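Below is one structure, written out as structure tokens; comments come after it.
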Amino acid sequence: RKEVEQDPGPFNVPEGATVAFNCTYSNSASQSFFWYRQDCRKEPKLLMSVYSSGNEDGRFTAQLNRASQYISLLIRDSKLSDSATYLCVVNMGNTDKLIFGTGTRLQVFP
Amino acid sequence: DVKVTQSSRYLVKRTGEKVFLECVQDMDHENMFWYRQDPGLGLRLIYFSYDVKMKEKGDIPEGYSVSREKKERFSLILESASTNQTSMYLCASSFARGYNSPLHFGNGTRLTVT
């Protein structure tokens, strides 16, 4: 089983839609969770950290489910500019080494 | 805002050449990392450093070495470039060891080895 797994997509959604991505991780001792966004041929950029109680930043909501070992990202009211690849990042067990998922591609169409 | 600068956006080198990729960060971060990113494989960690003159191997160190003589600068060296090292190379830094210290990336170097 991969340490961090994501559905590669693509997710094709119309503007204004709500879309959710999940990411599963294999090590129950993991403590750090992040979502990054990566545009085509650009570097990954931090979108948000994921906290135990869940957190929201504008149209973006991140959740952590420790029992089932997954994190999720919900995007409400999708914009064309949300089109990108979303990377899930988790630390490896009791270390601070970060493991990246291979990403979920989102395409928002008019 | 954190700035991580990689010296080149695009590089073309020949097989067997020694290649230097330079990375500088301006936020006094302790940790620096080198990743490569390939389609379908995601980001893979090559080397990292938690302090000056310190280095540790990541998941795929073969064919690479690194140098960290100053806190703000972390160099990746391809001793003898090969075609399977054609990739996007990403440098990153983070504030300190410990949980919830996210990575900040440079804008990448796309290396082609012919």
Side-chain angles (χ1 to χ4, degrees), chain A residues 2-10 21 23-55 57 62 64 66 71 84-105, chain B residues 1-10 21 23 25 27 29-51 55-61 87-112:
Chain A
K2 282 186 182 176
E3 290 169 294
V4 178
E5 282 200 83
Q6 296 182 250
D7 182 341
F21 312 133
C23 165
T24 59
Y25 60 96
S26 61
N27 195 313
S28 59
S30 294
Q31 297 286 338
S32 299
F33 308 92
F34 306 97
W35 283 103
Y36 277 72
R37 171 200 167 117
Q38 186 172 26
D39 293 290
C40 192
R41 302 181 79 83
K42 296 281 187 73
E43 76 275 19
K45 291 189 176 170
L46 179 67
L47 181 65
M48 56 200 302
S49 301
V50 186
Y51 302 121
S52 297
S53 53
N55 47 302
D57 183 2
L64 168 63
R66 285 195 187 274
I71 64 172
T85 297
Y86 291 84
L87 303 173
C88 166
V89 185
V90 180
N91 79 294
M92 187 170 77
N94 288 316
T95 75
D96 49 14
K97 179 182 173 187
L98 295 178
I99 307 294
F100 284 76
T102 51
T104 297
R105 197 153 70 84
Chain B
D1 218 12
V2 177
K3 194 152 169 65
V4 181
T5 304
Q6 293 183 229
S7 52
S8 306
R9 285 301 305 272
Y10 300 94
L21 302 183
C23 175
Q25 50 93 4
M27 285 300 290
H29 281 179
E30 300 287 332
N31 310 327
M32 295 189 76
F33 307 81
W34 276 106
Y35 288 85
R36 63 178 282 178
Q37 186 174 28
D38 301 285
L41 297 177
L43 277 84
R44 293 180 290 166
L45 182 62
I46 305 171
Y47 265 98
F48 59 102
S49 168
Y50 289 141
D51 202 353
K55 59 186 178 185
E56 286 199 39
K57 292 179 181 179
D59 299 317
I60 50 163
S87 186
M88 169 74 122
Y89 289 87
L90 289 156
C91 175
S93 70
S94 67
F95 177 64
R97 298 196 71 169
Y99 302 132
N100 285 316
S101 187
L103 297 176
H104 300 270
F105 286 89
N107 55 10
T109 296
R110 194 165 290 277
L111 172 68
T112 302

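Chain identifiers are assigned alphabetically (A, B, ...) following the order of the sequence lines, protein sequences preceding nucleic acid strands; residue numbering begins at 1 within each chain. Every value quoted in this text rests on a predicted model; they were computed, and no experiment measured them.
- Heavy atoms closer than 4.5 Å to chain B are found in both the backbone and the side chain of A/L98.
- For a residue to count as touching a neighbouring chain, one of its non-hydrogen atoms must lie under 4.5 Å from one of that chain's; by this rule B/R44 does not touch chain A.
- In this structure, B/L90 CG and A/Q38 CD are separated by 7.0 Å, a value rounded to the nearest 0.5 Å.
- By the side-chain hydrogen bond (donor to acceptor under 3.5 Å, both in side chains) test, B/Y50 is found to be paired with A/D96, residues two or more places apart in sequence or in another chain being considered.
- Side-chain atoms of B/L43 and A/V89, non-hydrogen and from C-beta on, never get closer than 4.5 Å to each other.
- Considering only residues two or more places apart in sequence or on other chains, A/Y36 meets the side-chain hydrogen bond (donor to acceptor under 3.5 Å, both in side chains) condition with none of them.
- Within residues 32-40 of chain B, the residues having any heavy atom less than 4.5 Å from a heavy atom of chain A are, in residue-number order, B/Y35, B/Q37, B/G40.
- Atom-to-atom distance recorded for A/E43:CD and B/L103:CG is 12.5 Å, nearest 0.5 angstrom.
- Contacts with chain A were tallied for B/G106, B/G58, B/G108, B/S94; B/G106 has the most, counting heavy-atom pairs under 4.5 Å.
- Between B/P102 and A/F34, the shortest heavy-atom distance links the atoms CB-CE2, 3.7 Å.
- A/K45 NZ to B/N107 CG: the interatomic distance, rounded to the nearest 0.5 Å, is 9.0 Å.
- Of the atoms belonging to B/L45, it is side-chain heavy atoms, and not backbone ones, that fall under 4.5 Å from chain A.
- Scanning for side chain to side chain contact (heavy atoms under 4.5 Å, CB included) contacts around A/R37 gives A/D39, A/D82, A/A84, A/Y86, with sequence neighbours left out.
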